[in-house]
Structure formats: structure tokens, C-alpha cells
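These notes are about the structure you will find just below.
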Amino acid sequence: MKTVWEKYDESSLNKLMAFNEGYKKYISVCKTERECVAEGIRLAKQYGFKDLKDCIAGGVSLHTGDKVYYDNKGKDLVLFAIGNEPLETGMNILGAHIDSPRLDLKQHPLYEDKGIALLKTHYYGGVKKYQWVAMPLAMHGVVCKKDGTCVNVVIGEDPDDPVLGITDLLPHLAAGQMEKPAAKIIEGEEMNITFGTIPAKEEEKDAVKAAILTSLKEKYGIEEDDFMSAELEMVPAGPARDYGLDRSMVMGYGQDDRVCGYTSLMALLDGGCQEKTTCCVLVDKEEVGSIGATGMHSMFFETAVMELMELCGGYSALNIRRCFNNSNMLSSDVSAAFDPTFPQVNEPMNTAYMGKGICINKYTGSRGKGGCNDANPEFIAKIRDVFEKEDIAFQSGELGKVDCGGGGTIAYIVAQYNMNVIDSGVPVLSMHAPWEITSKLDIYETYKAYMAFISKM
Ligand code: MN
Ligand code: MN
């Protein structure tokens, strides 16, 4: 049997590579949920999308062919391309999360110890803490001041920028550390960012910290207390890179789940308006349980659809229910790719493989499918039919062997609206590591799959 790679001729291979250049640029600059939303809006405007909130304020009515976006608190982005059919006949929805595991600064982060200024962190999401030490980190985020202004901070991405990081013990003195279980090799309170060492002149106490504060004041106009109303995220420094001698893969930070975020976004932008209204929802807080005002459990998505229906005409509580009832959604999140170095965690017949295309997961969850969204086979059959007709490379898998572990996504949350929803996404190696690996082929096939889904379902 031919592999999927072999099915590509020169011209389709060029398209695949070109698409991945755009993707690498996106994940190199979008390392926080806010940066993903800002870049998403920038791209959407280029494709003629208008701000739904401006339409609401102006009382503008919306029609077939109109394209709008809805920004929720700068951390979620919903895009709609209005189709021919009325909204109550349902939408075709692409959903992905744009938050990724990282280290957040605490609200009182800065201190000085033995002439070194350091920053305390609290990790976000599922990280193997030992992977985040002794490597270059960048700081991305916002500092919000009492006067209502917010300062954007990015340190460590420009080649002329300094980088930051967390120190590790030298092997010479690590005998005790190396005896510990991996979860304790580096503990949460040891994840301290080394921030500076030059003392301010004529300061008696904490002179390095004083110098750092002066520098922060000069560069960003922020005071120590402003950390309290800041969201500063420590992420791996530097751009995404080609991976492998044959450049067949991408190494980048935050591919869980920005690889599905970018492919969903581009499919919606490139796909334009279809028969049914199409929607892309890029959501925050998945890595910590989808809670909070910007997580999928929040009502922002429902509100955005209600606002849209109001401006399209025909709004009613029942029509909103009908819209959700009749909608199809790909809850797009990454799959664990089979890793030949660690074959013991997978059951080879039901596993995602690199280079075989988008992976569909009928269910996720753990211990007897606990907490899963178990997609209906009627819906899966329709997807198979669409993907086959559109010549999409796709596979079906589970996250590891039964009782080996597990995970969840946003699928079960949107399933509460009684829509058809299934998990699907790009297989990833080294998932949740600072640098994650994906196949360029899978990324491109996933984009094509999303295009097929929004236009043919
Ligand atoms: Mn994910
Ligand atoms: Mn994840």
C-alpha cells in the first residue's frame, strides 16, 4: 500500500510545504492565548471579517455572505461566515483551544537571594517540570495598570533580546536529586526564573531587585505592585523550526493545540461562506479544565451565537436551541502519536501515527471512557464519506492503551448543546514538552479535512 507521502506529487508537496511555512510563523509569534486571538483578528480582517460587537453597537443587520468575529476578553475568538441557510438549520463548527502548558509568574513573583533576582512561577497545565529547566525561556504577557492601560511584554524572542530560564543542579552534586522520582526531581517551588544580577548603586538591601525594578519602570512603565494584575507566561524562547533531515516535521512550542487552532482558523478564512453558516471557535483554559470566563464551560460561545442570530433576524430561544441541535462540530485537539521509542503505552491497532493524516477519536476519557464524549456512529459515517470523497488522509485512534492513562478535550462541553461533535486532530510527539513535534503532512491534511468538513457536512 502506498503511504500518504507517496500520494503527493511535486505541486501538492509544494502546497503542503508552503502551508507549513505559514503555520511555523503563526506558532512562532503566537505563544499565548491573547497573542493567538490578536493574530486571528489581524488575519480575519484581511479576509473581510468585521467585528460583531461593532455590528451590535451600530444595529447593523447581517446577511448571507457576511463574515464577523467575536472577541471574548482578548482570550477567545469566535468567527462566523454566514451561509445561505437560516441559522436554525445548524452550523458547521471547528473548535480548538489556544492555551498551552507553560509557567505563569505568581502575583508576587520578584525577590532577591544572595545577589540574584528571581521570579516565582506556578505552572499551568500538565507539565513534566524537569523538562523546563536549563533551557532558554521567553516571557510573554500583559501587565494591567490601575489607570486601565495594559502593557504588552515580550522578552526573549528577538535575537537581540536576552533570554531567561530556570537553573538545574550540576550532576556533580545531584546524587540526592537523581534518587528522587521524576515528579520530584524539580519541584514546583524550585521553578524560579533567574532574572538579573547587577545591583543598583548605593542600595543597602536587595540592590539587584531594586535595579530590576528601575529597569522595568524605564522599559515598561510598571511598578512592583503591577505584577498583581499581570498575566506573564514563561514559554520556550525562539521560533518553530523544521525537524528531521528531510524537513518533514515541525518542532514548535504550544502545538497542543495551536496546530488545530491554526488549521481551523485558516480553513474558515479560506473556506469563506458556504451553504450552512460556518464557525470557528478558538478557546482558552482547556489545559486547566475549560473553567473560568474564557473556558469552554463559560457561556461566551452561546452568547456570541445569540448575538449573531439577533442581527441575522429570526432570534428566539427555540431557534438558538435548534441551531445548536442541528450543528456539527469537530472538537479539534491533538492526538498522541505512536512513538517507536515508547511502544508500550499504545495498542497499535487503535493509535494515531505520524504521516497518516488527521486522527479521529470517537471518544477520549480514561478508565472505561470516563468523562468522554462518545461520538455517534451515524455522524462518524458521514464524516468518513466526506473525507473519502475529498481524498483526505485520515485515521482513527485512542489516547493510549486501555487503563494506561487518558485525557479530555472540549468535546463533552459543547456536546451539552446536543450537537454532533467528535474529537479530531493532528498527532503529536513529545506532547506537552516545551518543544512538540508534528508531521507537516498531518498538518496539511488536517487543514484540508477542516475545509471539507465546513463545506460538505
Ligand atoms: Mn489539547
Ligand atoms: Mn494538552
Side-chain angles (χ1 to χ4, degrees), residues 23 26-27 30-33 35-37 40 75-77 93-104 123-129 131-132 233-236 240 250-265 280-292 294-297 329-337 339 345 351-352 354 358-366 371-373 375 397-400 404-415 421-439 442-443 446 449-450:
Y23 170 60
Y26 176 87
I27 55 166
C30 297
K31 293 192 178 181
T32 69
E33 49 289 326
E35 288 166 351
C36 290
V37 168
K75 293 179 173 185
D76 304 294
L77 184 61
I93 306 167
L94 303 171
H97 71 90
I98 49 175
D99 62 318
S100 295
R102 62 187 188 239
L103 315 175
D104 288 339
Y123 64 97
Y124 173 97
V127 301
K128 287 173 155 180
K129 293 188 272 292
Q131 293 178 333
W132 291 73
E233 309 179 7
M234 303 304 305
V235 296
V250 174
M251 182 194 82
Y253 162 67
Q255 300 204 68
D256 173 8
D257 181 36
R258 293 172 190 137
V259 67
C260 296
Y262 181 75
T263 42
S264 294
L265 173 68
C280 173
V281 51
L282 303 174
V283 65
D284 182 29
K285 292 284 180 285
E286 193 278 340
E287 294 294 355
V288 290
S290 295
I291 37 57
T294 56
M296 201 68 228
H297 279 296
M329 177 163 174
L330 290 179
S331 157
S332 293
D333 207 340
V334 291
S335 286
D339 186 338
V345 299
T351 289
M354 296 282 277
I358 183 171
C359 182
I360 292 171
N361 298 71
K362 184 175 186 297
Y363 45 84
T364 56
S366 54
C372 75
N373 162 66
E398 290 192 20
L399 184 65
C404 201
T409 64
I410 60 169
Y412 77 96
I413 307 163
V414 289
V421 56
I422 188 166
D423 282 297
S424 72
V426 174
V428 174
L429 289 171
S430 293
M431 193 194 293
H432 281 212
W435 298 105
E436 300 172 312
I437 316 298
T438 50
S439 158
D442 298 331
I443 294 168
T446 298
Y450 295 162

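In listed order, ligands and their atoms are each counted from 1.
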Atom name of the N, O or S atom of Asp256 nearest to the Mn ion (ligand 2) is OD2
Modelled atom types, side-chain donor and acceptor of Asp333 and Thr409, under 3.5 Å = no
Hey, does the side chain of Gln255 reach the backbone of Glu436 with a donor-acceptor pair shorter than 3.5 angstrom?
-> yes
N/O/S atom name from Glu287 that is nearest to the position of the Mn ion (ligand 2) | OE2
N, O or S of His97 under 2.8 Å from the Mn ion (ligand 2) | no
For side chain to side chain donor-acceptor pair (under 3.5 Å), just list the numbers for Glu233 and Thr32, CA-CA rounded to whole Å, side-chain angles, deciding distance to a tenth of an Å, and then say yes or no.
-> CA-CA 8 Å; Glu233 309 179 7; Thr32 69; 4.9 Å; no
Please confirm if an N, O or S atom belonging to Cys260, backbone or side chain, lies less than 2.8 Å from the Mn ion (ligand 1).
-> no
Name of whichever N/O/S atom of Asp333 is nearest to the Mn ion (ligand 1) | OD1
N/O donor-acceptor pair under 3.5 Å between Asp442 side chain and Pro427 backbone = no
Determine, stepwise, if the pair His432 / Gln131 fulfils side chain to side chain donor-acceptor pair (under 3.5 Å).
-> CA-CA 10 Å; His432 281 212; Gln131 293 178 333; over 6 Å; no
Got an N, O or S from Asp257 under 2.8 Å of the Mn ion (ligand 1)?
-> no
